[in-house]
Amino acid sequence: MKKLFALICTLGMMINANAQEENRVITTAVPFLLIPSDARSAGMGDIGVASSPDAYSQQWNPAKHAFAQQQIGIGISYTPYLSDLVDDIFLGGVNFYNRINERSAWAASFKYFSLGDIEFNTFDGFNVIPQGSASPNEFTLDVSYALKLSDQFSMAVAGRFINSNLRLNEVDPDASSASSFAVDVAGYYQSEEIAYNDFNGRWRGGFNISNLGPKLSYDDGGQDSYLPTLLRLGGGFDFIFSGGLNKLAVNAEVGKLLVPTPNEEILDPEGNVIGYRQPDDSFLSGVFSSFGDAPDGFSEELKEFTWALGTEYTYDDSFALRAGYFNESEEKGARKFFTLGAGFKYNVVKLDISYLFSASRVRNPLENTLRFSLTFNLGEEYIEY
């Protein structure tokens, strides 16, 4: 018998499966695209669409690159995954942006998700016979271009190549990797610094429609899987004290998967409902139908929105403390967690760390995990206003 873990891992990570939970949780292919790749955003409750720009804006809102303070930014991140169970599953990323001039910037990033090494064995009586091993993985490679349309507003487009190699030949001899492509469309607003009675302030706002592209297919006969097309909307405000020495940023964000709700019943031989499957529509039809296809109507549609709150205190742009909260409906995944984070900057180097506390009945794969990201800020500095 082949090692049971291999089968469980493959089936668990294959978002292509037809059966759904009775509460109609929306599932997609390559869900690792939704995991924050940087510790700064992770420390603020997985918020980033309208936070201030940094080297990791590519995942959250590439339009922010046009407002970056440094000409060049390089970001390297590492996130252990399921660290309480295994030590070789992780999410890693490399990010780069270059601000071409005062109005435009381009960026690129590489994101890699490894499921570690899986060994396969057969059993001959009481003997274990090794049958080899495999290392399933997924990755994305993307580029973006951001342009200021005014002094306070920018937009960006990004293109993304996606590859998923989770189907194992040891489990399915006909297995092969799957690939697709996607685009992002994003916008970002950042006001001038405004003088109030006791402090200065700055408003921020942003949106991003990410991972918009064709469904992922692992073979010719199986059902295609939707990409995690996600709409993010967010806003924030910076409280600026002591001439900029102390800053307090508050942020709020909502998100919704633009993917059809599983609404086709799966019946057992006795006619009982045992689950639901998604309709087999095109990805564009799925985007538009996702706002009104929940079987229980508007009340269920509202449950498909997630929301998050986050705050960040910085001192002299060299030290930061962060906290956040993320909420998802109990019937749509039940992700609920608090986060804490910190950042330290010395010269051109910045180190960020974050930690997650689950507040849900569903255990979070990132619970009890320290996440790290390293940033290098290079080139000339841009003063916006």
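Under the salt bridge (Lys or Arg N to Asp or Glu O under 4.0 Å) test applied with D352, the options R322, R371, K345 reduce to a single match, R322. When each of F110, F376, W106 is paired with F96, the ring-ring contact (aromatic ring centres under 6.0 Å, His included) condition holds for W106 and for no other. Paired with F357 under the rule side-chain contact (heavy atoms from CB on, under 4.5 Å), one option of L340, N368, T339 passes, and it is L340.
Nearest heavy atoms, L227 versus V259: O-CG2, 3.5 Å. Listed here is the closest heavy atom pair of L378 and Q70: O-NE2, 3.6 Å. The minimum heavy-atom distance linking E193 with N200 is given by the pair OE2-ND2, 2.8 Å. The shortest non-hydrogen separation linking D293 to P260 is OD2-CA, 3.1 Å. Nearest heavy-atom pair, P53 versus S57, reported as atom, atom and distance to 0.1 Å: CA-OG, 3.7 Å. Taking every heavy atom of both residues into account, S354 and A39 meet most closely at CB-O, 3.3 Å.
Atom CD1 in I72 sits 12.5 Å away from atom CZ in R99 (nearest 0.5 Å). A distance of 10.0 Å separates CZ in F199 from CD1 in I194, rounded to the nearest 0.5 Å. Here CZ of F113 is found 10.0 Å from OG1 of T79. Values are rounded to the nearest 0.5 Å. How far CG of L147 is from OG of S154: 8.0 Å, rounded to the nearest 0.5 Å. Of the inter-residue distances, the one linking L33 atom CG with S210 atom OG reads 8.0 Å to the nearest 0.5 angstrom. From N208, atom CG reaches atom CG of L230 across 8.0 Å, with rounding to the nearest 0.5 Å.
When atom types are taken as modelled, the side chain of N251 and the backbone of G236 share no donor-acceptor pair closer than 3.5 angstrom. Judged by distance alone, the side chain of R160 and the main-chain N or O of A182 form no donor-acceptor pair under 3.5 Å. Looking at E253, its side chain never comes within 3.5 Å of a backbone N or O of A50 through a donor-acceptor pair. Checking side-chain atoms of E304 against main-chain N and O of L257 turns up no donor-acceptor pair under 3.5 Å. At distances below 3.5 Å, not a single donor-acceptor pair connects side-chain atoms of E330 with backbone N or O atoms of S360. No donor-acceptor distance shorter than 3.5 angstrom exists from the side chain of D184 to the backbone of N61, with no hydrogens or angles considered. A donor-acceptor pair under 3.5 Å links the side-chain atoms of S180 to the main chain of P214, judged by distance alone. When atom types are taken as modelled, the side chain of Q71 and the backbone of E380 share a donor-acceptor pair closer than 3.5 angstrom. Without hydrogens or angle criteria, T229 side chain to N211 main chain gives a donor-acceptor distance under 3.5 Å. Not one N or O on the side chain of K111 forms a donor-acceptor pair closer than 3.5 Å with the backbone of D142.
When the shell of 6.0 Å around CZ of F298 is examined, it contains 12 or fewer heavy atoms from other residues, nucleotides or ligands. Other residues, nucleotides and ligands contribute only 12 or fewer heavy atoms inside 6.0 Å of the CZ atom of F288.
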| query | For K332 and E300, what are the C-alpha separation, side-chain angles and deciding distance, and is it a salt bridge (charged side-chain N to carboxylate O under 4.0 Å, His left out)? | reply | CA-CA 9 Å; K332 294 296 180 177; E300 185 175 354; 2.8 Å; yes

| task | Report the C-alpha separation of Y325 and F338 in whole Å, then their side-chain angles, then the decisive distance to 0.1 Å, and conclude whether the ring pair (Phe, Tyr, Trp, His ring centres under 6.0 Å) test is met. | result | CA-CA 4 Å; Y325 176 73; F338 295 93; 4.7 Å; yes

| field | CA sep, side-chain torsions, deciding dist, call: Y315, Y313, ring pair (Phe, Tyr, Trp, His ring centres under 6.0 Å) | value | CA-CA 7 Å; Y315 174 76; Y313 166 77; 7.2 Å; no

| task | Evaluate the criterion side-chain contact (heavy atoms from CB on, under 4.5 Å) for residue pair N165 and F139; output intermediate values, then yes/no. | result | CA-CA 9 Å; N165 187 21; F139 71 86; over 6 Å; no

| message | Run R103 and D151 through salt bridge (charged side-chain N to carboxylate O under 4.0 Å, His left out) and show every step you take. | response | CA-CA 8 Å; R103 303 198 69 84; D151 290 339; 3.7 Å; yes

| request: In sequence, state the C-alpha distance, the side-chain angles, and the governing distance for F326 and F337, and then conclude on ring pair (Phe, Tyr, Trp, His ring centres under 6.0 Å). | output: CA-CA 5 Å; F326 181 94; F337 52 82; 5.0 Å; yes

| Worked verdict on T261 versus I26 for side-chain contact (heavy atoms from CB on, under 4.5 Å) | CA-CA 6 Å; T261 303; I26 298 176; 4.2 Å; yes

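A single hydrophobic cluster is seen to contain both M155 and V183, as judged by linkage of ILVMFWY side chains at heavy-atom distances under 4.5 Å, directly or through other members. A single hydrophobic cluster is seen to contain both L233 and L212, as judged by linkage of ILVMFWY side chains at heavy-atom distances under 4.5 Å, directly or through other members. Two different hydrophobic clusters hold L309 and W60 under the rule that ILVMFWY side chains link at heavy-atom gaps under 4.5 Å. When the side chains of ILVMFWY residues are joined at heavy-atom separations under 4.5 Å, either directly or via intervening members, F67 and I240 end up in two distinct hydrophobic clusters. A chain of hydrophobic side-chain contacts below 4.5 Å, direct or via other Ile, Leu, Val, Met, Phe, Trp or Tyr residues, connects F207 to V287.
For the pair R40 and Y56, the cation does not sit on the ring face, since its NZ or CZ is not both under 6.0 Å from the ring centre and inside 45° of the axis.
With 3.5 Å as the limit, one finds no donor-acceptor pair spanning the side chains of Q152 and S191. Residues N95 and Y97 have side chains that never bring a donor and an acceptor to within less than 3.5 angstrom of each other. Counting only N and O atoms by type, the side chains of R335 and N364 include no donor and acceptor under 3.5 Å apart. A donor-acceptor pair shorter than 3.5 Å can be found between the side chains of S144 and Q58. In this model, no donor atom of one side chain and acceptor atom of the other lie less than 3.5 Å apart for D38 and S77.
Close placement of the F319 and F344 rings is indicated, their centers lying within 6.0 Å of each other. Aromatic ring centres of F32 and Y81: separated by at least 6.0 Å.
Between K303 and D296, none of the side-chain N atoms (NZ, or NE/NH1/NH2) sits under 4.0 Å from a carboxylate O, so this pair counts as no salt bridge. Between K256 and E301 there is a salt bridge, since at least one side-chain N of the basic residue sits less than 4.0 Å from a carboxylate O of the acidic one.
Inter-residue side-chain proximity for E138 and I162 is flagged as unmet; no heavy-atom pair is nearer than 4.5 Å. Within the 4.5 Å cutoff, the side chain of K350 has no heavy atoms near those of the D54 side chain. In this structure the side chain of D198 never reaches within 4.5 angstrom of the side chain of F241, judged on heavy atoms. Side-chain contact between R204 and Y188 is present, with heavy atoms from C-beta onward closer than 4.5 Å. In this structure the side chain of S51 reaches within 4.5 angstrom of the side chain of K64, judged on heavy atoms. Side chains of L374 and V349 form a contact here, defined as non-hydrogen atoms less than 4.5 Å apart. Contact annotation: the side chain of I76 never approaches that of S373 to less than 4.5 Å [non-hydrogen atoms, C-beta and beyond]. At least one side-chain heavy atom of Y226 sits under 4.5 Å from a side-chain heavy atom of K215.
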